[in-house]
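In what follows, a single structure is set out as structure tokens and then discussed.
Residue numbering restarts at 1 for every chain, and letters A, B, ... go by the order of the sequence lines.
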There are 4 protein chains.
Amino acid sequence: MSKVTEKYVLPKRKGEASRSRLLEAAAQLFAERGFEQTKISDIVKAAGVTQPSFYLYFENKDAIFAELSSQMTQRLGELMLELGQFQTSEDLPQKIQDNLCAIFTLLNQNPSLTRIGLEHATQAPLLFATMEQMMVAQLSLIKQQLKPDLDLELAASAMIGMVRHFIQTQLIPQKRSPAELARFCTDFQLFGIAKLKL
Amino acid sequence: MSKVTEKYVLPKRKGEASRSRLLEAAAQLFAERGFEQTKISDIVKAAGVTQPSFYLYFENKDAIFAELSSQMTQRLGELMLELGQFQTSEDLPQKIQDNLCAIFTLLNQNPSLTRIGLEHATQAPLLFATMEQMMVAQLSLIKQQLKPDLDLELAASAMIGMVRHFIQTQLIPQKRSPAELARFCTDFQLFGIAKLKL
Amino acid sequence: MSKVTEKYVLPKRKGEASRSRLLEAAAQLFAERGFEQTKISDIVKAAGVTQPSFYLYFENKDAIFAELSSQMTQRLGELMLELGQFQTSEDLPQKIQDNLCAIFTLLNQNPSLTRIGLEHATQAPLLFATMEQMMVAQLSLIKQQLKPDLDLELAASAMIGMVRHFIQTQLIPQKRSPAELARFCTDFQLFGIAKLKL
Amino acid sequence: MSKVTEKYVLPKRKGEASRSRLLEAAAQLFAERGFEQTKISDIVKAAGVTQPSFYLYFENKDAIFAELSSQMTQRLGELMLELGQFQTSEDLPQKIQDNLCAIFTLLNQNPSLTRIGLEHATQAPLLFATMEQMMVAQLSLIKQQLKPDLDLELAASAMIGMVRHFIQTQLIPQKRSPAELARFCTDFQLFGIAKLKL
DNA sequence: AATGAATGAGCATTCATTCAT
DNA sequence: GATGAATGAATGCTCATTCAT
């Protein structure tokens with residue numbers, strides 16, 4: 001029945017479109033309300049499809065949540081690998097700031113996904129733990145530029161905590177820009193808030 | 001029949017005991033699993049009472065959760081008032097460290113309550129926001145001892161984030177003691193991690 | 001331990017007082033809300049006794065309701081026997097009116113009991129049926145003073161229906177007095193509302 | 001594929017059928033036992049569907065009861081409007097009789113609905129009150145054909161009470177036909193039961 | 001005579017998930 | 001690819017009733 005003159009159909013099949021709409025709707029709802037409070041019926045309503053259609057694309061509620069959770073986590077993981085490692089020779093503060101800025105920028109791109117991954121996902125604590133370990137490794141590399149008696153583990157943990165809190169209270173509510181946050185973080189971490197070092 | 005020497009029994013009636021057991025059981029379960037995942041049937045099973053008994057002591061599931069949430073929040077609020085305000089004349093670092101130590105110590109007393117209040121309670125974000133405002137006020141008082149261009153809001157936020165993360169990842173898992181954490185926090189916040197300020 | 005000087009106790013034992021208070025409270029609540037909507041906890045609260053005390057005086061919820069239901073039904077039955085039967089010789093309209101007035105007066109004495117017996121009691125339909133049968137018997141006695149083709153059963157039913165509705169909508173809300181209602185009923189039943197019989 | 005000659009199938013989808021069965025089952029059960037005594041589990045059992053299916057069609061127990069209550073009330077209200085008003089010129093007794101017959105006939109069509117609306121619905125008293133007011137208005141129009149000292153309010157109340165009682169004790173148990181009841185009512189109301197007016 | 005405490009049995013409602021079409 | 005209809009399995013909560021004191 002389709003004639004040649006008919007506009008050659010969307011590259012994304014109709015099914016793909018439905019799947020995307022479901023993901024989008026779910027992302028927003030999960031971010032706003034969390035996993036338990038989000039009902040499948042809400043998701044499909046927001047996506048404009050019927051309930052059984054949901055199961056055409058996702059095995060169950062867990063599956064779609066897992067897919068969303070991992071989206072962000074994965075990108076973040078990739079980014080962290082890209083960022084490479086500190087080198088003694090480099091301009092340390094600038095490097096740290098650049099890295100943080102890249103991370104904040106990434107997370108800023110999809111706030112819903114960020115909230116899901118960092119606030120609601122069960123593996124969030126694991127993610128932070130992993131990041132802390134990476135951070136410890138990084139700090140070890142530049143140990144001689146740090147205070148001699150510094151507890152690296154606590155330092156890493158403190159930095160992650162700070163960043164995490166900034167994401168939730170500054171970045172997601174769009175109060176501050178990635179660059180601004182990155183700059184502040186770097187300075188705070190390296191030199192603290194006191195006027196003079198006595 | 002009762003002899004003078006007999007230790008006068010606990011005035012706690014049997015009902016009070018049941019209520020306490022319910023609170024304890026609920027605290028642990030809410031802390032471990034969160035609100036939705038904790039079923040009343042679990043709570044009463046853990047407390048060793050029947051389901052209708054629950055409703056003898058609490059209006060509903062929300063009520064017992066609210067009671068637990070506020071227990072910690074309230075104590076924390078009271079403590080913060082007690083701690084008073086920074087004074088220019090004092091030994092600043094010591095004062096900060098003492099305050100933090102008091103807070104960590106309090107939260108360390110009942111980990112379940114702490115988790116509920118800080119991780120699961122809906123008002124947790126509000127609590128942190130309030131703490132940030134108090135912190136901004138404190139910092140203003142000692143502004144001349146801080147870096148001239150310091151963004152007080154971000155500084156407060158960073159400090160709260162750090163403390164919050166320490167509570168979850170160091171204090172509750174009993175990895176570090178309140179004193180240790182307080183000392184580290186103080187030093188980190190005031191002077192950062194870099195060896196020298198160039 | 002009780003001394004002679006002690007005031008010799010209330011003629012009604014304390015227990016009797018509690019029982020009465022329970023009956024009173026129950027009467028009012030049953031009348032207002034009906035059987036199902038009235039909780040034992042409401043009754044005891046209104047009566048100022050504890051829940052187990054209720055079971056000291058009544059076997060269960062059904063029992064107290066039955067007692068209240070029968071109170072009114074019984075008195076009504078006794079009255080109807082007293083009123084005796086129509087006699088041809090008497091002044092018929094006056095006799096009917098007197099009887100009705102006696103009934104309305106009795107029911108007017110305890111509105112709660114009346115409502116329970118007539119609106120909420122399960123046997124209410126039976127009560128009305130019995131009254132209808134008695135009424136048919138009465139009417140038979142004065143058959144020659146009635147229209148020749150009158151359907152006695154329907155006539156009795158109509159009269160009971162009228163009386164019943166008056167009790168609910170006029171007597172209990174205290175809109176009209178027993179005497180007024182009795183007079184109207186009599187006239188209406190005997191002669192209808194039309195100006196002339198053509 | 002469908003041929004023109006094929007009778008175009010009932011537009012009633014399967015869901016509509018379930019909904020109807022639920023309504024029917026509920027109507028009967030509510031009529032027999034009243035609201036409280038009727039459990040959703042009874043309704044669905046009688047309708048041959050599962051419990052969650054109930055909530056596919058009705059928000060809750062109240063909703064289905066309200067729907068049933070209003071069905072009858074609404075039809076009755078419409079009928080009463082249709083019946084129009086008494087006119088002096090008409091054959092009054094006949095007109096009254098016709099109107100009553102129409103009402104009895106309507107109510108006779110669905111006894112369950114009638115019982116629900118008149119016996120169990122909370123608004124039943126209101127319904128009767130409304131009908132009484134309408135009746136007072138009607139009687140006012142033909143005042144000159146009535147006894148001069150007639151209390152219109154009581155007369156209307158008496159008539160409604162009679163009709164109401166007939167519905168419950170004669171019509172619903174199918175003891176008398178609508179026509180029979182209408183005829184009796186008319187005669188009774190207009191002229192009473194006495195042989196002669198003295 | 002009275003009560004603090006407790007409970008068995010039940011009920012309305014919800015939600016993720018599936019089947020037949 | 002899509003859907004109208006249906007459901008198994010819970011879950012929070014209520015209420016009449018009883019036990020031990």
Discussion item. Less than 4.0 angstrom between a side-chain N/O of D/Tyr57 and OP1 or OP2 of F/dA6, yes or no?
Written reply: yes
Discussion item. Over all strands shown, is D/Phe58 touching base, sugar-phosphate only, or nothing at heavy-atom distances under 4.0 angstrom?
Written reply: nothing
Worksheet item: Which whole-number value in Å describes the distance from D/Glu16 CD to F/dA6 P?
Response: 11 Å
Fill in: A/Ala31 backbone acceptor or donor facing A/Ser112 side chain under 3.5 Å
no
Fill in: Protein-nucleotide distance (A/Asp62, atom CG; E/dC15, atom P), rounded to Å
16 Å
Worksheet item: When the distance from CG of D/Leu56 to P of E/dT13 is rounded to whole Å, what number comes out?
Response: 15 Å
Fill in: Minimum side-chain heavy-atom gap B/Met72-B/Leu118 below 4.5 Å
yes
Item to complete: Taking B/Arg21 for its side chain and B/Ala47 for its backbone only, find out whether a donor-acceptor pair lies under 3.5 Å.
Response: yes
Practice prompt. Give, ordered by number, those residues of residues 25-53 of chain A having at least one heavy-atom distance below 4.0 Å to an atom of DNA chain F; if nothing qualifies, reply none.
Written response: A/Thr50, A/Pro52, A/Ser53
Practice prompt. Look at the aromatic rings of A/Phe35 and A/Phe30 and report parallel, tilted or perpendicular, splitting at 30° and 60°.
Written response: parallel
Discussion item. Assuming nearest nucleotide by heavy-atom distance, tell me which of D/Arg21 and C/Phe54 is located more 5' along DNA chain F.
Written reply: D/Arg21
Practice prompt. Would you kindly give the CZ-to-C1' distance between B/Arg19 and E/dA6, to the nearest whole Å?
Written response: 16 Å
Fill in: G-U wobble or Watson-Crick pairing nucleotide for E/dA1 (cut-off 3.5 Å, both distances)
none
Item to complete: Tell me whether the OP1 or OP2 atom of E/dA2 has a side-chain N or O from C/Tyr55 closer than 4.0 Å.
Response: no
Discussion item. For a 4.5 angstrom cut-off between non-hydrogen side-chain atoms, does B/Leu113 reach B/Leu68?
Written reply: yes
Worksheet item: Any side-chain N or O of C/Lys61 under 4.0 Å from OP1/OP2 of F/dA16?
Response: yes
Worksheet, complete the sentence: Applying the 3.5 Å cut-off to both distances, the Watson-Crick or G-U partner of F/dA10 turns out to be E/dT13
Practice prompt. Would you mind reporting whether A/Asn60 and A/Ile40 have side-chain heavy atoms less than 4.5 Å apart?
Written response: no
Discussion item. Between C1' on F/dA16 and CD on C/Glu59, what's the gap in Å once rounded to a whole number?
Written reply: 13 Å
